[in-house]
Amino acid sequence: MNKNVNELIKPQYAQIWQTVQLIPIGKVACYGQIADLAGLPGRARLVGKALGKVPAFGWQKKPVPWYRVINSQGKISFPLGSEYFEKQKQLLQDEQVVIIGTKVKLRDFQWQPDLAELLFSLEF
DNA sequence: ACCTTGACGGTTC
DNA sequence: GGAACCGCCAAGG
């Protein structure tokens with residue numbers, strides 16, 4: 001039909017990846033928050049699944065900053081001490097995000113998207 | 001078509 | 001704080 005067929009095969013993933021790309025450097029977002037912004041309210045688990053399938057070399061020529069997504073309690077969702085836990089922690093700290101123990105202070109670092117800006121960026 | 005799997009979230013105790 | 005429980009539902013087998 002058209003060249004967007006690839007995106008239509010897994011439309012949910014595409015929307016999720018696109019939304020994650022909007023999280024600014026030095027900020028974090030929750031799985032549920034991304035789901036809501038992507039137009040998939042209540043599907044936080046799907047966000048986790050989609051992030052697990054992020055293309056290693058980016059998507060639409062841009063990287064998907066998967067590490068800026070954490071759970072609603074401000075915690076990294078990988079098992080403490082696992083390879084990916086450490087990797088995510090490191091990448092966040094590289095962006096000056098402060099992690100106390102295993103938690104990020106959401107009050108200070110959670111992304112608060114500007115509605116107008118969002119409407120401009122997302123075209124569903 | 002049925003069953004299991006999730007990088008989850010909220011509610012409750 | 002934290003642990004147990006349950007609802008959620010697309011995707012993949």
Side-chain angles (χ1 to χ4, degrees):
Chain A
M1 305 292 212
N2 59 55
K3 68 171 188 171
N4 291 320
V5 173
N6 278 336
E7 300 173 28
L8 295 174
I9 293 176
K10 287 160 191 144
Q12 328 291 71
Y13 286 3
Q15 290 175 204
I16 289 165
W17 293 337
Q18 186 185 356
T19 305
V20 170
Q21 286 173 329
L22 300 176
I23 307 172
I25 295 173
K27 292 290 180 183
V28 297
C30 303
Y31 295 92
Q33 181 185 3
I34 294 300
D36 290 345
L37 294 173
L40 305 164
R43 268 157 282 181
R45 301 188 73 147
L46 187 62
V47 173
K49 224 175 191 186
L51 289 185
K53 302 202 166 218
V54 168
F57 296 97
W59 183 70
Q60 300 283 103
K61 298 181 183 174
K62 284 180 292 186
V64 178
W66 56 269
Y67 56 88
R68 293 185 191 137
V69 185
I70 60 183
N71 71 27
S72 64
Q73 304 165 75
K75 294 199 287 190
I76 289 174
S77 288
F78 292 110
L80 184 59
S82 66
E83 180 190 350
Y84 273 93
F85 177 95
E86 296 301 336
K87 185 181 296 186
Q88 183 167 11
K89 183 177 178 183
Q90 184 65 59
L91 288 166
L92 287 174
Q93 289 178 330
D94 288 349
E95 297 185 348
Q96 322 303 324
V97 173
V98 176
I99 300 174
I100 300 167
T102 64
K103 291 171 81 172
V104 171
K105 246 192 178 179
L106 288 179
R107 225 177 12 184
D108 297 335
F109 295 99
Q110 184 170 25
W111 177 39
Q112 324 259 239
D114 175 72
L115 185 54
E117 196 178 312
L118 265 186
L119 293 176
F120 182 76
S121 308
L122 299 173
E123 312 247 348
F124 296 154

Kindly give the atom pairs (protein nitrogen or oxygen, nucleotide nitrogen or oxygen) under 3.5 Å for nucleotides 3-10 of chain C.
{"unit_1": "C/dG7", "atom_1": "O6", "unit_2": "A/Arg45", "atom_2": "NH1", "d": "3.0"}

Item to complete: Hey, could you give me the CD1/CZ distance between A/Ile34 and A/Arg68, rounded to the nearest 0.5 Å?
Response: 11.0 Å

Practice prompt. Specify the residues of residues 98-105 of chain A, ordered by number, for which at least one heavy atom lies under 4.0 angstrom from an atom of DNA chain B.
Written response: none

Response to the item:
Rounding to 0.5 Å, atoms CZ (A/Arg43) and CG (A/Asp36) come to a distance of 10.0 Å

Worksheet item: Are a donor atom and an acceptor atom from the side chains of A/Gln33 and A/Gln110 found within less than 3.5 Å of each other?
Response: yes

Discussion item. Rounding to an integer number of Å, can you tell me how far A/Leu106 CG sits from B/dC8 C1'?
Written reply: 14 Å

Discussion item. Using whole Å, what does the distance between atom P of nucleotide B/dG6 and atom CD1 of A/Ile34 come to?
Written reply: 21 Å

Worksheet item: With under 30° as parallel and over 60° as perpendicular, where do the rings of A/Tyr84 and A/Phe78 fit, or are they tilted in between?
Response: tilted

Item to complete: Measure from the side-chain N and O atoms of A/Gln88 to the backbone N and O of A/Tyr67, and report whether any donor-acceptor pair falls under 3.5 Å.
Response: yes

Item to complete: Would you indicate, yes or no, if B/dA7 has its OP1 or OP2 atom less than 4.0 angstrom from a side-chain nitrogen or oxygen of A/Lys53?
Response: no

Discussion item. Heavy atoms within less than 4.0 Å of DNA chain B: which residues of residues 69-95 of chain A have one? Give them sorted by number.
Written reply: A/Asn71, A/Ser72, A/Ser77, A/Phe78

Worksheet entry | Distance, nearest 0.5 Å, that separates CZ of A/Phe109 from CD1 of A/Ile70 | 10.0 Å

Item to complete: Please determine which of A/Val97, A/Leu80, A/Ile76, A/Thr102 meets the side chain to side chain contact (heavy atoms under 4.5 Å, CB included) test together with A/Lys89.
Response: A/Ile76

Worksheet item: Hey, does the side chain of A/Trp66 reach the backbone of A/Gly52 with a donor-acceptor pair shorter than 3.5 angstrom?
Response: no

Worksheet item: Quick check: does any side chain N or O of A/Gln21 sit under 3.5 Å from a backbone N or O of A/Lys62, one acting as donor and the other as acceptor?
Response: yes

Worksheet item: Rounded to the nearest 0.5 Å, how far apart are CG of A/Leu46 and OH of A/Tyr13?
Response: 6.0 Å

Discussion item. Rounded to whole Å, how long is the line connecting atom CG of A/Asp36 with atom P of B/dC8?
Written reply: 16 Å

